[in-house]
Amino acid sequence: MKVSIFVTCLADTLFPDVGRAMVTVLERLGCQVDFPVAQTCCGQMHMNTGYARPAGDMVRSFADTFAGAEAVVVPSGSCTGMLRHHGRNVAPGVHLPPVYELSEFLVDVLGVTDVGATFNGSVTYHPTCHSLRLLGVGDRPYRLLQAVKGLDLRELPEADQCCGFGGTFALKNAEVSSAMGEDKINNALSTGAEVICTSDSSCMMHLGGLLSRRKSAVRSMHLAEILAGQG
Amino acid sequence: MAKQDSTLHPRPGVAFLGMPAFTEAAHIALGDDQLRRNLGRATRTIRDKRTRAVGELEDWQDLRTAAAMIKDRTLADLDRHLEQFEAAATAAGATVHWAADADEAVRISTEIVRAHQGTDVIKVKSMATQEIGLNEAFAEDGINAWETDLAELIIQLGGDTPSHFLVPAIHRNREEIRQIFLDRMAEVGRPAPDDLTDEPRRLAEAARLHLREKFLTTSIGFSGANFAVAETGTLVVLESEGNGRMCLTLPDVLVSVVGIEKLLPTFADLEVFMQVLPRSSTAERMNPYTTMWTGVTEGDGPQELHIILLDNGRTRALADNTGRQALRCIRCSACLNVCPVYERVGGHAYGSVYPGPIGAILNPLLHGVSDEHDAALPFASSLCGACYEACPVKIDIPTVLIEQRAEVVEERADSGRPSAEALAMRIAAWTFADHRRLERAQKVASKAGPVVQHVRRLPGMLGGWTASRDLPPIPDESFHQWWERTRGADR
């Protein structure tokens with residue numbers, strides 16, 4: 001199957017490994033991966049901060065870049081949610097191709113839960129708010145992780161609580177954002193897991209930044225990176 | 001931090017006056033460990049109970065949809081339902097007053113009390129009377145308003161303001177409550193027993209004895225209403241303690257202040273709301289006391305009933321295409337209990353009698369966003385969506401927040417105030433408009449990477465990030481560059 005990937009501006013710039021991992025997983029499953037180079041951003045940051053007009057421009061630009069795509073796969077529940085639920089509001093009349101968050105695409109479209117990955121270590125999964133509530137991905141990420149060889153999946157207490165990133169909320173209300181993130185990290189650390197896994201680079205950046213400030217040995221990783229692992 | 005800044009005391013009714021805007025208020029609240037412990041424990045308990053109570057109903061999602069649709073249908077035709085209500089209530093012997101704003105509602109209330117030479121009134125817990133600042137206005141006129149809800153009594157005796165719809169004293173623990181009773185009850189009536197402990201049973205008993213005096217000696221009662229039924233002119237109050245029923249039945253004169261959005265078209269519509277409200281608010285299948293009254297009945301209950309229908313910004317909200325759904329709100333507080341922001345900062349940080357996610361949208365809808373306090377509220381959310389998921393009348397709070405953020409940005413642009421944020425957003429939009437610009441920016445960032453990575457404090461708004469979080473290392477090669485280098489030839 002031919003799939004187009006939307007790597008997202010954040011992963012493209014700060015976490016290119018996430019994009020590479022997604023390519024690895026999709027190709028391992030026999031997909032022909034296309035990366036339209038004209039892609040930039042879904043417009044979420046602008047829309048969520050109150051700048052709807054430029055956000056609309058970005059959605060239109062996304063639609064042009066991915067025009068005719070059979071399926072667009074995104075390593076972010078948040079950006080997928082933006083395009084699927086807000087895209088038409090900020091860019092009326094725009095025609096968007098089918099857009100899937102990575103776990104949705106693997107489980108629903110490819111019909112796979114075992115992607116042939118191996119990961120030796122303990123992992124706890126933070127289901128990001130937009131994956132959980134805007135997209136309703138449910139247990140798809142857990143099913144994918146459970147099928148990874150060698151992976152010890154630990155249940156995260158209060159998993160459905162927001163990690164506190166929230167886009168520019170992390171800057172505008174930085175103290176509340178950090179307080180939420182600290183509680184999320186304490187819950188993750190209570191599991192004894194070596195890795196906090198999420199399916200959004202933004203949550204990963206927030207939690208990773210807090211872990212780094214604490215000089216914790218626990219790492220934050222994207223779901224795609226774990227699913228790409230082999231031995 | 002100066003001592004007087006360590007607690008937040010907004011003036012109810014006159015929202016925001018003397019209150020710091022949300023971000024600053026949140027800073028103060030986050031520094032209060034006791035508050036965070038009280039709140040964390042309480043909201044977690046209520047949250048878990050609500051999830052169980054709601055989980056018992058297989059048709060919960062259908063009930064939410066029905067509740068939302070009934071409210072929307074009523075709001076779409078509100079003028080007609082209000083007139084129908086007025087006619088039915090009047091025919092049943094009530095006197096209906098119309099109040100365009102808080103001042104008018106207070107003036108009507110004061111005139112009614114004066115007409116009976118009243119000096120004291122007893123009150124059922126009511127958000128509407130708090131919204132109009134009734135107790136404070138009465139105090140200035142020499143009228144004592146006695147709150148009879150246990151939590152409201154704690155708030156009133158403590159010289160405090162509520163921080164939650166349902167659990168107004170959620171920010172207080174048992175020991176604090178014991179101390180308030182010992183210190184203050186004697187000044188305003190029957191004193192607390194000297195040997196009072198912080199056992200809930202003993203605290204409730206002290207309040208009961210204190211309040212009994214008020215019930216038996218006060219001839220004017222004030223209430224709000226959870227619902228007002230248009231076809232019958234009936235008002236409805238749901239409560240847990242029984243104090244409300246005492247206030248609604250013992251006095252000679254009853255005054256009910258009712259927001260115009262409380263209307264339901266028919267008595268049968270209550271069926272849906274009697275299921276969704278208790279489960280969403282107290283996590284009960286049914287609340288202990290439901291009182292319904294229609295006009296006056298000779299020889300039974302109050303012989304004079306005044307109903308003050310309150311606008312106070314509601315028609316303003318009704319005119320807002322996206323925001324009008326906030327008028328569906330039944331003040332159950334489910335959104336407060338699931339909100340991670342509310343859980344960390346408490347209700348006072350919102351600077352209004354309407355705190356939490358619903359307050360964050362309702363205040364700007366009622367007042368507009370020209371005031372800095374109202375303008376800060378739409379940003380007091382991580383947009384996690386937990387409030388929308390919990391809301392029994394399906395108010396899409398995140399979407400309304402986003403719309404209001406745009407209003408704030410527009411208002412700032414119109415006022416001509418230069419903003420660093422607007423500039424940053426313009427630069428970002430310009431960069432994202434063309435992938436070659438983005439790639440150039442990525443190259444610059446990766447060169448600056450080794451330096452930026454060691455920056456512990458960035459200037460301006462970005463400093464909010466580095467105060468508590470490190471920046472990720474900026475990689476040498478973006479995904480774009482990697483693709484071009486490794487796969488570019490394919491294209």
Side-chain angles (χ1 to χ4, degrees), chain A residues 7 9 11-20 35 37-41 43 45-52 54 57-58 61 65 86 89 129-130 132-134 160-183 205-206 208-210 212-213, chain B residues 22-23 26-27 30 36 44 340-341 344-345 378-386 388-389 399 402 404-410 421-422 425-426 428-429 431-435 437-438 441-442 445 461-465 467-472 474-475 477-484 487 491:
Chain A
V7 168
C9 60
D12 186 6
T13 309
L14 290 175
F15 304 105
D17 287 349
V18 170
R20 289 204 283 267
F35 173 74
V37 293
Q39 62 182 271
T40 57
C41 171
M45 176 179 77
H46 283 80
M47 190 204 64
N48 282 2
T49 314
Y51 296 81
D57 293 343
M58 286 177 226
S61 161
T65 304
H86 301 295
N89 296 336
C129 297
H130 291 169
L132 204 62
R133 302 196 181 94
L134 263 185
D160 64 351
Q161 293 285 298
C162 176
C163 74
F165 174 70
T168 46
F169 173 75
L171 304 176
K172 285 173 178 275
N173 282 292
E175 287 182 89
V176 187
S177 164
S178 294
M180 288 158 69
E182 291 291 345
D183 289 345
M205 178 171 79
H206 173 60
L210 288 164
S212 161
R213 184 60 57 95
Chain B
F22 182 83
T23 306
H27 168 78
L30 284 167
R36 279 189 71 185
R44 202 165 296 131
V341 175
R344 267 82 188 179
V345 304
F379 299 93
S381 166
S382 65
L383 303 177
C384 78
Y388 182 21
E389 190 177 59
T399 296
I402 290 169
Q404 289 178 335
R405 290 177 183 190
E407 273 174 51
V408 174
V409 166
E410 217 163 280
E421 176 193 287
M425 286 291 165
R426 236 187 356 251
T431 309
F432 290 140
D434 184 331
H435 72 99
R437 290 178 196 154
L438 175 61
Q442 285 167 339
M461 201 167 79
L462 296 175
W465 184 272
S468 58
R469 292 158 287 208
D470 285 343
L471 286 164
I474 299 173
E477 191 178 56
S478 70
F479 184 87
H480 255 102
Q481 288 171 288
W482 173 80
W483 184 271
E484 298 265 299
R487 312 284 181 102
R491 296 183 62 81

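Chain letters run A, B, ... following the sequence lines, proteins first, then strands; residues in each count from 1.
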TODO: Using non-hydrogen atoms and a 4.5 Å limit, figure out which bit of A:D12 sits close to chain B: side chain, backbone, both or neither.
DONE: both

Open item on the list: Is B:R36 close to chain A through its backbone or its side chain, or both, or neither, when contacts mean heavy atoms under 4.5 Å?
Closed with: side chain

Open item on the list: A side-chain contact here means heavy atoms from C-beta on lying under 4.5 Å apart; do B:R405 and B:L383 qualify?
Closed with: yes

Task: Test item: A:R133 and B:C384 side chains (from C-beta on) under 4.5 Å apart, heavy atoms - done: yes

- [ ] Mind ranking B:A441, B:A428, B:S381 by heavy-atom pairs under 4.5 Å with chain A and telling me who comes out on top?
- [x] B:S381

Open item on the list: So for A:E175, is it side chain, backbone, both, or neither that comes closer than 4.5 Å to the heavy atoms of chain B?
Closed with: both

Task: Per-residue contact mode, B:L30 against chain A (heavy atom under 4.5 angstrom) - done: side chain

TODO: Report the relative orientation of the aromatic rings in B:H480 and B:H435; use parallel for angles under 30°, tilted for 30 to 60°, perpendicular for over 60°.
DONE: parallel

Task: Pairs of heavy atoms under 4.5 Å with chain B: top-ranked of A:P54, A:S178, A:G166 - done: A:S178

Task: Heavy-atom pair of closest approach, residues B:P340 and A:Q161 - done: CB-OE1, 4.5 Å

Open item on the list: Less than 4.5 Å apart, side chain to side chain, heavy atoms only: is that true for A:C41 and A:H46?
Closed with: no

- [ ] Heavy atoms only, distances under 4.5 angstrom: which of A:A174, A:C9, A:P16 has the most pairs with chain B? Name it, please.
- [x] A:P16

Task: Part of B:T399 within contact of chain A (heavy atom distance under 4.5 Å) - done: side chain

Task: Heavy-atom side-chain contact between B:Q442 and B:F479 under 4.5 Å - done: no

Task: Greatest number of heavy atom pairs closer than 4.5 Å to chain B - which of A:A52, A:A170, A:S61, A:A11 - done: A:A170

Task: Top contributor to chain A interface from B:V408, B:T23, B:D434, B:T431 [non-hydrogen pairs under 4.5 Å] - done: B:T23

Task: Residues forming a side chain to side chain contact (heavy atoms under 4.5 Å, CB included) with B:E477, sequence neighbours excluded - done: A:R20, B:Q481, B:W482, B:R485

Task: Most contacts with chain A, counted as non-hydrogen pairs under 4.5 angstrom, among B:R426, B:R44, B:R437, B:Q404 - done: B:R44

- [ ] Answer yes or no: is there a side-chain heavy-atom contact under 4.5 Å between A:K172 and A:T49?
- [x] yes

TODO: Tell me, for A:H206 versus chain B, whether the close heavy atoms (under 4.5 Å) come from the side chain, the backbone, both or neither.
DONE: both

- [ ] Measure B:A422 against the heavy atoms of chain A and call it side chain, backbone, both or neither at under 4.5 Å.
- [x] both

Open item on the list: Is A:V7 close to chain B through its backbone or its side chain, or both, or neither, when contacts mean heavy atoms under 4.5 Å?
Closed with: side chain

Open item on the list: Nearest 0.5 Å, please: how far is CG in A:D183 from SG in A:C163?
Closed with: 11.5 Å

- [ ] Mind ranking A:S177, A:G208, A:A38, A:G19 by heavy-atom pairs under 4.5 Å with chain B and telling me who comes out on top?
- [x] A:A38

TODO: For residues A:Q39 and B:L438, determine if any side-chain heavy atom of one lies less than 4.5 Å from a side-chain heavy atom of the other.
DONE: no

Open item on the list: Taking side chain as everything from C-beta outward and backbone as N, CA, C, O, which of these in A:M58 sits under 4.5 Å from a heavy atom of chain B? Side chain, backbone, both or neither.
Closed with: side chain

Task: Check: B:R469 and A:F165 side chains under 4.5 Å, non-hydrogen atoms - done: no

Open item on the list: Which atoms of B:V341 are under 4.5 Å from chain A, going by heavy atoms: the side chain, the backbone, both sets, or neither?
Closed with: both

